[in-house]
Amino acid sequence: MTQYLIRRILIALPTILVMSFILYMILALAPGDPLSQFAANPSVPAEVRENIKKSLGLDQPAHIRYIFWLGNAVRGNLGYSFATRAPVMNLISQRLPTTLWVVGTAYLLAILFALPIGIIAAVKKYSLFDQVSTTFAFIGFSVPTFFTGTLFIIIFSVKLGWFPFIYDSTLKVTNLQTFMQLAKQSIMPIAVLALFQMATLARFTRASMLDNLPLDYVRTARAKGLEDWKVITVHVLRNSLIPVVTLIALGLPAVFTGAIVTEQIFRVPGIGDLLINSIFNSDTPVVMGIVFIAAILVVTFNLIVDVVYGFLDPRIKYD
Amino acid sequence: MVVMEPLAWYLPDGKLSPALAAEVPTRDNGGIASDGKSITWKLKQGVKWSDGSDFSADDVVFTAQYCLNEKTACGTAANFQGVDKVEAVDKNTVKVTFKAANPNPYQLFVSDSGQILQKKQFQDFTGEKAKDAPGNLAPIGTGAYKVKEFKPGDVVTYEINPNYRDANKPFFKEVQIKGGGDATSAARAVFQTGEADYGWNLQVPWTVLGPLVQSPSSKGDLVIATSSNVERLLINFADPNTEVNGAKAEPNTKHPILTDLKVRQALALAIDKKKIAEQLYGQAGVATCNIVVGVPAYESKNTKCDQDVNKANALLDEAGWKRGADGIREKDGKKLKLLYQTTVNPVRQATQDLIKADWAKVGVDTELKSINSGVFFSTDEGNPDTSGKFYSDIEMFTNGSVDIDPINYIAGWTCKEMTSKANGWRLGNPHRYCNADYDKIVDQLRTELDPAKRNDLIIKANDILINDVVVIPLVARTSPTSGKAKDLKGPLPNPWSGEPFNIADWYK
């Protein structure tokens, strides 16, 4: 096991290195220019633009820039944003709490609802509950979040006036009243995201349960007189959850990278919002920083999932 | 604007209003030297920075030195072109000397691009260190508010500057500017839910914005002003299809179709500008025949641009373009087909569709292309789709003079501004239009000091561009195009200064 872990970590490090190189080069090759905002402005002449470009280090070839970037990244410095000159790390850490709160809560809620719904739907296959939950699940993952988001805004903000649709990130929670304000402004983005993720998870849980229900060991458990409840929770559920756990764990890096569309719609200043705006502004250091951290997280969580698998399923052995 | 101030602001009517200056220097009060070579600004006395220290002429001189240093890579460096020296005569007087008589002595220290830096905060960050200055994110200013908290890309919170020179102002305890999101939802926040008091740059198709504004339950009003911005079609005079020395559309090539004046006139006559303005821009723009607009004194009255399909057809017939069997005109076996590019933007794509239909009526086949604006407006030499390379026959975007004196803008059509491989396609004339008469007018404009004669020259320059159909102006757009809550008082629609220029006077 230890040997396996060491081997995996040794593979992960060069993987991350190669990924960082590829990412950097793709971004360097990408069209666009952080100075495009000045292009049509006759009072910023070409020489001035060239000077600004030089001050951003963009006159160096891409591979030299990559080596500088890597040297700094190893020491925890992901560079400076072209647009605001703020350190990329600061920008990310400023946005992270909001993303963790909104996307994380949505993910948690999705899991809490999806599992029981999936289980009941599988056990009571083709019942009314199953039909209704299946219908909602299909709506959930086939309707895009930009549609549900706008729909929610029109219903709950414009028509009913219940919730604000602009997220106020300067709000500090000090008492019950401010917490209620936070809840009110978070409820729509969280609901939109939770609905979407819940649908996928519930469908997956149901399918996995249905795979296990007709198996011999379930019949044996029933035959030896165990009550239905115990058969489902102790025997079927434990085995069915193995792929579900994988799915949940692999989805966790996305909690960090945020939800680009939903954050945009509700003006939630999270990582997703930062990422998309940086892409639009050709602010490559910020894009690189976020994508690089996401890449590390994906590699790490893959590793964690593989290790956890061994504990969940004794049939899997590492050597 | 909220935090920092220039010496004077341009008001909506184009007149200057003093901010940090005690009065606006003019020829009459002796502030502008009679030879036009220098301007002397008297500063307000007793003004304090928000950290409590005194504002003085040293700060103004420092701001100039900061930007004159090329390594600072100051975005407003162009304001300092032709400036010989900036010196402090005494604690409250600054004198700017130009290398030659300057028709626009207000070129620096005025409006948005003329805001004054605090010497104390920036003096250790000149040259290459400029980008690391902490003041970039939280500048100390003399304005009514000061930065309380700045979260880049998200929100800035301002609070009252306790050292502001008018003790009774401003009127809000805090001001927040929130970024991100799209223009439609920003419009919604002002006009429908009232969550925001002011919404900035609401460039939304009129079919969406109109109903929000005009609805009986609307919670806001539009804040719009006619500006110098014109949505225009640019015509390529070079050949975008022939490659010479590894580059297309080099200035020494000739466009096979568009160098014929009759064809260009026909293209301009075929377009129904009114329809574009009314259907797509609504209150946010009007059809225009001129390319230099925004100030009545120098807006030409000599030009006409009503749609005339018959005349357009006649011109094309005269030029030798005959209708083919499919209705498309052809000459010497070549079809009259044009490639027309612009940025990805719903209003622009709708404009493209209308113009394509108009041109089809006169037998011109148009291929439409839309490009991501980050690419289109970039100076990326490796990318063929930039507006500067202009590797198509027609392209469309909005431009206008940033300054009230349009000399820099007008100079954008001179021969030496032609974009080419040699200059990295970075200059201002992607048409590759070159006309000695036009250049002569621009040269005269650079030295002419008499305002009335200047206006005549500007109108002449405009008329050449229109009559020679170098450019086809479509819609004079408003700027700002914003919205404010009905109970918010004070915002002045001002095309020449940033919208919050008078935020000290805003109240509810």
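Residue A:I154 touches chain B through its side chain alone, counting heavy-atom pairs closer than 4.5 Å. Looking at B:E417, there are no atoms closer than 4.5 Å to chain A (heavy atoms on both sides), in backbone or side chain. Contact annotation for B:A133: neither backbone nor side-chain heavy atoms come within less than 4.5 Å of a heavy atom of chain A. Heavy-atom distances place both the backbone and the side chain of B:K151 under 4.5 Å from chain A. Both the backbone and the side chain of A:Q264 have a heavy atom closer than 4.5 Å to some heavy atom of chain B. With a threshold of 4.5 angstrom between heavy atoms, A:I166 approaches chain B through its backbone and through its side chain. There is no contact between A:S278 and chain B, counting heavy-atom distances below 4.5 Å. Using a 4.5 Å cut-off between heavy atoms, B:T157 touches chain A through its side chain atoms alone.
B:N229 and B:T398 are not linked by any side-chain donor-acceptor pair at a separation below 3.5 angstrom, with hydrogens and angles left out of the test. There is a side-chain donor-acceptor pair under 3.5 Å between A:N175 and A:T178. Side-chain atoms of A:S20 and A:Y66 include a donor-acceptor pair closer than 3.5 Å. Side-chain polar atoms of A:S169 and A:T98 form no donor-acceptor pair below 3.5 angstrom.
Residues that satisfy the salt bridge (Lys or Arg N to Asp or Glu O under 4.0 Å) test with A:K159, not counting sequence neighbours, are absent from this structure.
The choice from A:N277, A:L91, A:T170 that makes the most heavy-atom pairs within less than 4.5 Å of chain B is A:T170.
Looking at A:I293 and A:F256, their side chains come closer than 4.5 Å, going by heavy atoms from C-beta outward.
The ring pair (Phe, Tyr, Trp, His ring centres under 6.0 Å) contacts involving residues 165-186 of chain A comprise nothing, where partners must be two or more places apart or lie in separate chains.
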